[in-house]
Q: 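One structure, pasted below without further comment.
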Amino acid sequence: MTFLLAIGGLALYLGAPRLFPAPKPGEAPNALASGLQALGLLVTFICVSGITEKLIKVREHVIKLGEKPKLPAP
């Protein structure tokens, strides 16, 4: 689900200028397009950070599985 939200945020970022183009070529972009781009980037970065956090937890778990078991001291 998080991955799909990240893709959606990226699509919003890339698609906003096409949906709401600048009034004339060479002028500043539409304020609505700029706001949607900012929202798209925010959603994408939040989702990517969540995915990264999950991958780090999986990595730590795999490392623990690969360690040798500690035997009790005699």
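Excluded from the calculations below are hydrogen atoms, water molecules and symmetry mates; all remaining heavy atoms, backbone and side chain alike, are included. Numbers for residues simply follow the sequence, beginning at 1.
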Q: Show the nearest heavy-atom pair for residues C47 and L5, with the distance to one decimal.
A: SG-CB, 3.5 Å

Q: Return all side-chain donor-acceptor pairs below 3.5 angstrom for residues 9-36, not counting sequence neighbours, or 'none' if the list is empty.
A:
| from | atom 1 | to | atom 2 | distance (Å) |
| --- | --- | --- | --- | --- |
| N30 | OD1 | L32 | N | 3.2 |
| S34 | OG | N30 | O | 3.3 |

Q: Look up atom CD1 in I63 and atom NE2 in H61, then write down how far apart they are to the nearest 0.5 Å.
A: 11.5 Å

Q: Supply the atom-to-atom distance E53 CD to I51 CD1, rounded to the nearest 0.5 angstrom.
A: 11.5 Å

